[in-house]
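Quick one: structure below, then a few questions.
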Amino acid sequence: PALVKDGSLRTLSTSARRSTVMQAWVIDKYGNNSVLRYTKNASFPIIHYPNEVIVKVNAAGLNPLDINMRGGYGAATLAMKRDPLSINKAGSEFPLILGRDVSGVIMECGLDVSYFKPGDEVSHKPKSLSHVDAASLPYVAATAWSALVNTGGLNKDNSAKKRVLILGGSGGVGTFAIQMLKSWGAHVTVTCSQNAEHLVRGLGADDVVDYTAGPVERKLHTLEKFDVILDNIGGETEHWALSLLKPWCGAKYVTLVTPFLRNTDQLGLADGMMQTAVTVATKALKHITKGVHYRWGFFAPSGPALDDVSEMVDAGKIRAVVEEQFSFAQVPKAFEKVEKGHARGKIVVTVT
Ligand code: NDP
């Protein structure tokens with residue numbers, strides 16, 4: 001599929017598409033929420049490559065990564081990717097528009113784009129969802145899919161009766177992953193705060209363990225062992241989670257919390273990737289001797305995966321879990337809310 005250019009918290013000015021400016025929230029430097037600045041004069045995007053499209057954004061979902069990137073996370077790595085020969089001056093990315101999850105309408109297509117046409121609701125939006133609900137899905141769906149299917153080895157045909165543990169089930173990735181796994185017939189255990197139990201059970205979770213009521217690993221150890229663990233929390237969890245897997249039968253622990261971008265930001269692309277490879281190989285080796293697999297999971301854009309997700313949504317197997325909507329004027333409030341870190345599903349900004 002074509003790349004969705006402009007996947008961000010931005011909208012067109014009210015005039016037609018030939019306008020050269022649009023309204024947007026931008027940052028001029030990295031920092032805390034005070035760096036967010038509203039402007040009516042952001043440059044209107046142009047198509048640079050024949051596989052790009054321009055999307056008029058109706059609603060945008062927020063993710064923890066957007067908060068991290070506001071603070072500069074990934075900046076050095078992205079600068080190296082954008083400008084490998086360091087031709088541009090430092091800071092040439094500003095004013096920068098943040099954001100990655102959108103639902104909207106295709107305005108313009110590059111010459112090689114055949115899968116989309118102007119007027120399409122992207123990407124391709126589930127027909128049964130509003131733009132607000134649709135904007136809450138792509139990033140978490142593509143992440144859960146990549147982690148559980150590509151890395152964890154699960155799919156619709158082999159998940160029945162598999163025991164899956166999701167550490168951190170109440171946020172964006174967790175609420176999506178529970179529903180995807182349940183629709184494939186897996187048995188799903190979730191850790192979350194006590195006040196999220198009702199939400200995750202409503203999405204289909206079979207067993208729920210409250211991590212705020214004493215050592216969570218002790219309670220998890222009383223349960224039957226797992227085939228796959230999806231870790232949305234990281235840190236401390238790595239010390240005990242792998243012992244919850246069934247040994248010597250291909251069971252996998254997949255964590256989404258990795259030092260990959262931090263390494264490449266600090267050490268440069270080559271050394272950072274080398275450091276990353278050494279870290280992950282060391283950990284994987286340590287655990288393989290105990291008969292379980294240690295893996296890192298990442299967001300991976302995939303049109304076919306999103307099309308499958310759209311079908312599951314339109315078939316009523318997955319629903320959007322939107323905790324709160326904010327208007328375009330309230331973007332800083334939306335960032336604040338995500339930054340607090342107690343998500344119950346997703347936060348979405350309405351743009352039009
Ligand atoms: P959210 O902020 O939406 O959700 C995090 C959830 O975890 C909240 O509901 C929070 O609620 C809960 N939580 C916090 N601490 C614990 C704990 N110890 N045990 C159980 N639950 C806990 O995050 P996302 O779901 O969007 O993302 C999850 C993680 O994955 C983030 O760290 C994110 O950066 C990372 N990620 C990595 C990607 C990659 O490519 N590697 C891609 C996408 C996400 P409460 O505090 O109230 O319990």
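Throughout, numbering of the chain's residues begins at 1 and tracks the sequence. Note that the coordinates shown come from a computational prediction; the quantities given were computed from them, not determined experimentally. Every number for a ligand or one of its atoms is a count from 1 in the order of the listing.
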* Tell me yes or no: between the side chains of Ser193 and Asn195, is some donor less than 3.5 Å from an acceptor? => no
* To do: Ignoring angles and geometry beyond distance, decide whether Lys346 reaches within less than 3.5 Å of ligand 1 through its nitrogen or oxygen atoms.
  => no
* Do the side-chain N and O atoms of Tyr211 and Glu217 include a donor-acceptor pair separated by under 3.5 angstrom? ->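 The criterion, which ignores hydrogens and geometry beyond distance, is not satisfied for Glu217 and Tyr211.
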* Examine the side chains of Ser103 and Asn58 and answer whether a donor and an acceptor come within less than 3.5 Å of each other. =>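 Judged by distance alone, the side chains do not pair up.
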* Asked: How does Leu256 reach ligand 1, by side chain, by backbone, by both or by neither, if only non-hydrogen atoms under 4.0 Å count?
  -> both
* Asked: Hey, are Glu238 and Lys283 close enough for a salt bridge, meaning a charged N less than 4.0 Å from a carboxylate O?
  ->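 Salt bridge flag = yes for Lys283 with Glu238.
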* So is Phe260 in contact with ligand 1, going by heavy-atom distances below 4.0 Å? ->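 Checking ligand 1 against Phe260, which is what was asked, there is no heavy-atom contact under 4.0 Å.
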* Asked: Is it true that the side chains of Asp307 and Tyr115 contain a donor and an acceptor less than 3.5 Å apart?
  -> yes
* To do: Ignoring angles and geometry beyond distance, decide whether Gly172 reaches within less than 3.5 Å of ligand 1 through its nitrogen or oxygen atoms.
  => yes
* Does Asn232 approach ligand 1 within less than 4.0 angstrom via side chain, backbone, both or neither, non-hydrogen atoms only? ->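 For Asn232, backbone and side-chain atoms both sit under 4.0 Å from ligand 1.
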* Asked: Thr258 to ligand 1: N or O pair under 3.5 Å?
  -> no
* Crowding at OH, Tyr49 (>12 non-hydrogen neighbours, <6.0 Å) ->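 Counting neighbours around OH of Tyr49, 12 or fewer heavy atoms of other residues, nucleotides or ligands fall under 6.0 Å, so no.
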* Within the structure, does Ala343 bring an N/O atom to less than 3.5 angstrom of an N/O atom in ligand 1? ->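 Yes, there is a polar N/O contact under 3.5 Å.
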* Asked: Does a side chain donor of either Glu224 or His187 reach within less than 3.5 Å of an acceptor in the other side chain?
  ->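 There is no such pair (donor and acceptor under 3.5 Å, judged by atom type) between the side chains of Glu224 and His187.
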* To do: Would you check whether Ile233 reaches within less than 4.0 Å of ligand 1, judged by its heavy atoms?
  =>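 Checking ligand 1 against Ile233, which is what was asked, there is a heavy-atom contact under 4.0 Å.
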* Asked: Under 4.0 Å from ligand 1, counting heavy atoms only, is it the side chain of Tyr211, its backbone, both or neither?
  -> side chain
* Structure fact -> The answer for which part of Trp296 has a heavy atom under 4.0 Å from ligand 1 is neither
* To do: For ligand 1, find out whether one of its N or O atoms is nearer than 3.5 Å to an N or O atom of Ser170.
  =>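 Yes.
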* Asked: Could an N or O of ligand 1 be found under 3.5 Å from any N or O of Val140, whether backbone or side chain?
  -> no
* Do ligand 1 and Leu167 have nitrogen or oxygen atoms that lie under 3.5 Å from each other? ->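 Min N/O separation from ligand 1 is not below 3.5 Å for Leu167.
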* Asked: Does a donor on one side chain and an acceptor on the other come within less than 3.5 Å for Tyr253 and Asp231?
  ->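 Indeed, the side chains of Tyr253 and Asp231 share at least one donor-acceptor pair under 3.5 Å.
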* Counting heavy atoms only, which part of Arg344 comes closer than 4.0 Å to ligand 1: side chain, backbone, both or neither? ->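 Arg344 to ligand 1: side-chain contact only, backbone stays beyond 4.0 Å.
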* Just checking, any donor-acceptor pair under 3.5 angstrom between side chains of Arg70 and Asn33? -> yes
* Asked: When you check the gap from the basic side-chain N to the acidic O, do Lys182 and Asp206 get nearer than 4.0 Å?
  ->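 Salt bridge between Lys182 and Asp206, a charged N being under 4.0 Å from a carboxylate O: yes.
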* Asked: Should the proximity of Pro64 to ligand 1, defined as any heavy atom under 4.0 Å, be assigned to the side chain, the backbone, both, or neither?
  ->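 Looking at Pro64 and ligand 1, just side chain atoms fall under 4.0 Å.
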* For Glu324 and Arg344, run salt bridge (charged side-chain N to carboxylate O under 4.0 Å, His left out): C-alpha distance rounded to whole Å, both residues' side-chain angles, the deciding distance at 0.1 Å, then the answer. => CA-CA 9 Å; Glu324 197 171 347; Arg344 299 289 176 264; over 6 Å; no
* **Those atoms of ligand 1 less than 4.0 Å from some heavy atom in Val173** => 24 (P), 25 (O), 26 (O), 27 (O)
* ligand 1 N/O within reach of His342 N/O, cut-off under 3.5 Å ->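 Looking only at distances, the answer is yes, because the N/O contact criterion of under 3.5 Å is met.
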